[in-house]
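Written out below as structure tokens is the structure these notes cover.
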Amino acid sequence: MKKIAITDLIHCALIIALLCISAFIRIPFPLVPLSLQTMIVLLSGLVFGPKKAALSVAVYILMGLFGLPVFTSGGGFAYVFKLTFGYLLGMIPAAYAAGAIASGSRNFTRNLLACAAGTLLIYLIGVPYFYAVANHVMGLNKTFASVLYSGFLITLPGDILKAAAASFAALKIPSQTKK
């Protein structure tokens with residue numbers, strides 16, 4: 001049985017705490033509020049590596065599904081029927097991808113590409129989920145084009161800024177990935 005280092009547990013707890021706090025730092029946008037969560041997800045991948053980051057995001061999501069009010073609009077299992085839940089699910093592979101692609105890099109461009117890949121994964125999961133919930137759960141009869149606009153295009157500029165901020169911040173924080 002593999003031992004878990006206390007530093008790994010502390011890192012995961014830090015990521016989860018930052019995710020909980022960042023969920024409530026919101027920038028209002030129509031339908032899909034922008035929070036700092038994606039920046040924390042990407043930054044955690046860059047600084048702590050793919051496995052710790054993805055595991056921490058998964059634990060955070062489970063905490064919310066089990067009823068802790070850690071998501072932007074609360075928590076509980078019913079959250080899976082919210083328009084934005086797919087974006088939360090996309091954060092797991094996003095954290096992993098950002099960490100795996102950056103691989104402890106101290107290069108802004110590489111970090112930014114890693115964050116772009118992570119952000120793309122969030123959208124690849126979040127936008128179709130948004131569409132499915134809007135049409136098949138809420139009966140809103142949204143076109144895919146309207147979902148693409150409200151769930152991707154209007155949030156993309158903010159996500160680009162958050163990816164750049166995470167890429168820059170990762171250069172200033174000592175990497176905690178194991179070489």
Side-chain angles (χ1 to χ4, degrees), residues 1-26 33-77 79-80 82 84-126 129 158-179:
M1 191 161 129
K2 185 179 177 186
K3 286 187 178 182
I4 299 173
I6 191 75
T7 54
D8 290 340
L9 292 175
I10 291 169
H11 292 160
C12 289
L14 175 64
I15 294 166
I16 293 166
L18 289 172
L19 284 169
C20 291
I21 293 165
S22 67
F24 298 100
I25 302 172
R26 292 185 261 186
L34 281 183
S35 73
L36 294 183
Q37 285 177 306
T38 54
M39 187 177 82
I40 298 300
V41 166
L42 299 170
L43 183 60
S44 68
L46 298 176
V47 174
F48 297 106
K51 291 178 184 174
K52 277 192 267 187
L55 175 65
S56 299
V57 174
V59 169
Y60 164 76
I61 291 170
L62 286 173
M63 288 169 53
L65 290 176
F66 283 123
L68 293 174
V70 296
F71 300 145
T72 57
S73 299
F77 185 75
Y79 214 86
V80 299
K82 295 235 180 222
T84 58
F85 188 70
Y87 298 98
L88 288 170
L89 290 176
M91 290 179 184
I92 299 169
Y96 191 90
I101 293 168
S103 193
S105 173
R106 306 304 295 164
N107 178 284
F108 177 80
T109 304
R110 183 168 178 167
N111 286 350
L112 189 59
L113 290 173
C115 288
T119 301
L120 179 63
L121 286 169
I122 292 171
Y123 284 126
L124 285 174
I125 295 169
Y129 196 97
D159 284 336
I160 291 170
L161 288 173
K162 291 185 280 185
S167 299
F168 180 75
L171 299 176
K172 303 297 180 188
I173 301 169
S175 177
Q176 300 299 311
T177 59
K178 293 181 177 119
K179 302 283 182 195

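Keep in mind that the numbers below use all heavy atoms, side chains included, and drop hydrogens, waters and symmetry copies. Keep in mind that what you see is a predicted model, and the values were worked out from it rather than measured.
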[atom1]-[atom2] distance between [X] and [Y], expressed to the nearest 0.5 angstrom:
X      : Y      : atom1 : atom2 : result
Leu14  : Lys52  : CG    : NZ    : 10.5 Å
Phe168 : Asn111 : CZ    : CG    : 11.5 Å
Leu88  : Ile125 : CG    : CD1   : 11.0 Å
Ser56  : Ile61  : OG    : CD1   : 11.0 Å
Tyr87  : Tyr123 : OH    : OH    : 7.0 Å
Asn107 : Ser167 : CG    : OG    : 9.5 Å

Between [X] and [Y], is any pair of side-chain heavy atoms under 4.5 Å apart?
X      : Y      : answer
Ile173 : Leu43  : yes
Val70  : Leu19  : no
Lys162 : Leu42  : no
Thr119 : Thr38  : no
Ser44  : Leu18  : no
Arg106 : Ser175 : yes
Gln37  : Thr72  : yes
Leu55  : Phe48  : no

- Message: For Tyr79 and Phe71, take the angle between the two ring planes, folded into 0 to 90°, and tell me which bin it lands in: parallel under 30, tilted 30 to 60, perpendicular over 60.
- Response: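 Ring orientation, 0 to 90° scale: tilted.
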- Query: Are more than 12 heavy atoms from other residues, nucleotides or ligands located less than 6.0 Å from atom CZ of Phe108?
  - Reply: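 More than 12 heavy atoms, drawn from other residues, nucleotides or ligands, come within 6.0 Å of this atom.
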Work out which heavy atom in [X] is nearest to a heavy atom in [Y]; give both atom names and the distance.
X      : Y      : result
Ala54  : Tyr96  : CB-CB, 3.9 Å
Tyr129 : Leu89  : CE1-CD1, 4.2 Å
Pro69  : Phe24  : O-CZ, 3.3 Å
Leu46  : Cys115 : CD1-SG, 3.6 Å

